[in-house]
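I have placed the structure first, in the form of structure tokens, so that the comments after it can refer back to it.
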Amino acid sequence: MINITFPDGNIKAFENNPTGLDVAQSISEGLARDCVAMELNDKIVDLKMQIDSDSKIRLITTRDAEGLEIMRHSAAHVMADAVLRLYHDAQLTIGPVVEDGFYYDIDMQPLSKDDFPKIEAEIQKIIKAKIPFERTEVSKSDAMKFYKDEPYKLEIISELQDETISLYKHGDFTDLCRGPHVPHTGLIKAFKLTKVSGAYWRADQKNAQLQRIYGTAFFNKKELKAYLYFIEEAKKRNHRKIGQALDLFSFYDEAPGMPFFHAKGISIWNCLLDYWRLEHRAAGYVETKTPIMLQRSLWEKSGHWENYRENMYTSTIDEDEYAIKPMNCPGGMLLFGRRPHSYRELPVRAAEIGLVHRHELSGVLAGLFRVRAFHQDDAHIFMTPAQIKDEILGVLQLTERIYSTFGLGFHLELSTRPDKSIGTDAQWETTTQGLKAALDAYGRDYKINQGDGAFYGPKIDVHIKDALGRTWQCGTIQLDMSLPERFNLAYIDKNNEKQRPLMIHRVVYGSIERFFGILVEHFAGKFPLWMAPVQIALLAINDDLAPYAVQVQQTLEKAGLRTEIDSRTESLNKKIRDAQLGNIPLILTIGNKEKESGNLSVRTLDGKVRFGISHEKFLARVLEHIKNRELDLNIFDD
RNA sequence: GCCAGAGUAGCUCAGUUGGUAUAGCACCUCACUUGUAAUGAGGACGUCGCGGGUUCAACUCCUGUCUCUGGCUCCA
């Protein structure tokens, strides 16, 4: 007699050693159909596994996140099977599940997307056949024998600690695998290959280049469709496309990875910075500026010459070697070190919109997301150890305030001491505890990335979430125990003794270029009124009304609004269409009615038109909306 | 940097087996003077990314190079 305990505490007895499937079936056929695996005494295993002692069980169904992962892992096997059927010389390596699906790295001839249809067709055959997955366990030496002709698998097996190795077989295909897997291939209901690219064995350039085939799978077609729709939507929002269409920025062969911003792009940029300065002044920051080119000796002192040299642009002038700054901190250190500081001055919060250059590998450049020249909204905060908690808390609160203005959510991650690090145990203890204390006082959940900190100190990363639910790391708060030491920074404490200040580097936008790109995609190019490069389009209905339109425009410009008159000899419909496609939030159509009544007709970007709004009401509402940095278009509704 | 794909007018793109190139939008001109998402007609616009080669002839084939796109972190 076997007693099975369910998550809700219920206990059920079984006569013979039941499998997970038997347990599911004892509850209902429907449940059995939806089950893909089970958690048996806190371990996720195959549904077909026999239970031979009293156990705790949790059935994992197609509705559980773990279920999806397991099925995708099974899908990776099926894909590998299909590839082997078509390409007999292919050598399998590894095939893990990733965020949106899975991939398999295979040593084979280069593939392109054109090869997908035939691979997908083969996959469909395997899925249709509903082939069961079977687990077998063999000794390490038997596994080595089985894989004698597959060097990658042999390498993997030789590194495994366990003496027993599990193999998963479906049909004629067997793969080395920890498992678990879904009961049969038919549970892969919706399937699609998504990408193919080169990847190195063990991610090392020295090793063989493999074909990495990406795919995704879902338990039903609807979810796959939703996923593909999401991909399409993301494509439509691509900041490179929108940046081109809205005339925001461009790139040239003469300066790869270094964006040029156009008038409309800079208009948005300035909104970002105006707002940033407002918040930072209020939070007690001062703004500074340091040169972009500094002598080699400084970079040697900071350690960049030794550790970051490949990424730095250098130049020799009058026989002196210079480097263009890849980071703002060394300049900031010079500024702090220029005169003695009293403990009474601390904390010093010195911000800098610093232009930095980093020579990134040509292959990693990507629009505004990965560039070689960019601005950081940097700040260096110099403080005493006792001030860590309050300062970090202050940065977190400032960060939250700024992100929420753009309608961006976020989550936090704390990275602790890595294997390679400088500083004493006591220093790491103080600083890490300081960050933790601040996070706890802040009160939001955070994830800990053990050992992921910088070599010079622990850090908090802030990951924002955009309108499509994608996350981006933007903000970061890094404690630095190294630079104050290297630059011999000091403050004078109460007892008139020199003390070493602690320093944090922090950014909120991170790279302003990248943040700009993220916002383009977040808003899909439809910037809120306060950021829109052109806030109001004025469309005169005929040429005779043009002078009156100019008159209206002048009062709006006087109030500080950004406007544009469309004076082309085009139809009103055409002008409206173009203004809408240009994402201009407010469109004023000016005809005789408006001229005679002195009122305005306003069309908002959502296509709603309101007539008979007085100039006074229009100005008051618009200015209020901008002042509050509202994100919606509810400007004239009462 | 590496692998794969791409580069034709300001933008989006067509271009068959090699015979100096297509269309729409945008732009300019003219007519129309428009009431809430494209008025019509006409015109101008190209070293086919750049260099070299093959050929009577290259956007097309070969080669080099530059730039862009996707990927190169996820460990059976």
Side-chain angles (χ1 to χ4, degrees), chain A residues 73 76-77 80 92-105 109-115 140 143 147 150 152-162 165-168 174-179 194-214 235 238 240-241 244-247 250-257 310 359-367 452 537 539-546 568-582 587-594 601-605 607-611:
Chain A
H73 193 187
H77 278 224
L92 301 181
T93 69
I94 58 166
V97 171
V98 292
E99 207 174 310
D100 293 325
F102 56 87
Y103 67 78
Y104 216 116
D105 279 350
Q109 67 191 75
L111 289 178
S112 79
K113 278 198 160 180
D114 301 337
D115 300 309
K140 200 165 175 174
Y147 279 115
E150 297 193 32
Y152 296 104
K153 294 294 179 188
L154 280 178
E155 189 176 327
I156 295 163
I157 295 167
S158 68
E159 285 169 12
L160 293 176
Q161 305 296 320
D162 319 312
I165 307 276
S166 58
L167 301 175
Y168 275 83
T174 304
D175 199 5
L176 178 69
C177 186
R178 185 196 294 134
T194 52
K195 283 180 286 211
V196 61
S197 75
Y200 300 101
W201 171 237
R202 304 279 189 204
D204 189 338
Q205 283 196 24
K206 289 191 222 59
N207 290 335
Q209 175 111 25
L210 312 169
Q211 295 299 304
R212 175 167 295 181
I213 309 173
Y214 285 88
K235 257 191 213 160
N238 189 313
R240 283 165 284 206
K241 259 192 201 157
Q244 166 86 272
L246 298 185
D247 195 14
S250 51
F251 287 91
Y252 300 88
D253 287 1
E254 288 83 349
E310 328 74 272
H359 188 262
E360 304 287 355
L361 290 178
S362 58
V364 305
L365 302 178
D452 242 11
L539 313 182
I541 279 180
N542 60 47
D543 292 348
D544 296 340
L545 288 157
R568 292 173 304 169
T569 57
E570 289 287 353
S571 67
L572 181 67
N573 279 349
K574 171 71 168 166
K575 292 183 189 181
I576 286 172
R577 176 180 155 85
D578 286 347
Q580 289 267 166
L581 292 175
I587 298 169
L588 297 180
T589 42
I590 295 174
N592 277 318
K593 265 187 251 166
E594 286 73 21
S601 300
V602 188
R603 180 179 172 122
T604 40
L605 205 44
K608 281 188 200 156
V609 184
R610 293 169 185 79
F611 299 97

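The figures that follow rest on heavy atoms only: side chains count, while hydrogens, waters and symmetry mates do not. Just so it is clear: chains get the letters A, B, ... in the order the sequence lines come, proteins before strands, and each one is counted from 1.
- Atoms NZ and CG, on A:Lys575 and A:Leu539 in that order, are 6.5 Å from each other to the nearest 0.5 Å.
- If you check distances only, the side chain of A:Arg568 never reaches the base of B:A26 with a donor-acceptor pair under 3.5 Å.
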Salt bridge (Lys or Arg N to Asp or Glu O under 4.0 Å) between A:Lys153 and A:Glu159: does it pass, once the steps are laid out? CA-CA 10 Å; A:Lys153 294 294 179 188; A:Glu159 285 169 12; over 6 Å; no
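- One distance of note links CG of A:Leu246 with NZ of A:Lys241; it measures 13.0 Å at 0.5 Å rounding.
- The closest side-chain donor-acceptor pair between A:Tyr168 and A:Ser166, if any, does not fall under 3.5 angstrom.
- Comparing B:C74, B:U36, B:G70 by their nearest atom to the side chain of A:Lys195 picks out B:G70.
- Residue-level contact check: A:Asp543 touches the bases, meaning some heavy atom is under 4.0 Å from a base atom.
- In terms of polar N and O atoms assigned as donor or acceptor, the side chain of A:Asn573 never comes within less than 3.5 Å of the base of B:U36 in a complementary pairing.
- Residue A:Ile165 has its side chain nearest to B:A76 when only B:A76, B:C3, B:U34 are considered.
- Between the base of B:C68 and the side chain of A:Arg240 there is no donor-acceptor pair shorter than 3.5 Å.
- The base of B:G35 is paired with the side chain of A:Glu594 by a donor and an acceptor separated by under 3.5 Å.
- We find that CZ of A:Arg202 is positioned 10 Å from P of B:C74, with the value rounded to whole Å.
- Of the listed nucleotides (B:A76, B:C74, B:C11), B:C11 has the atom at the smallest distance from the side chain of A:Gln244.
- Taking 3.5 Å as the limit, the base of B:U36 and the side chain of A:Thr589 contain a donor-acceptor pair of atoms between them.
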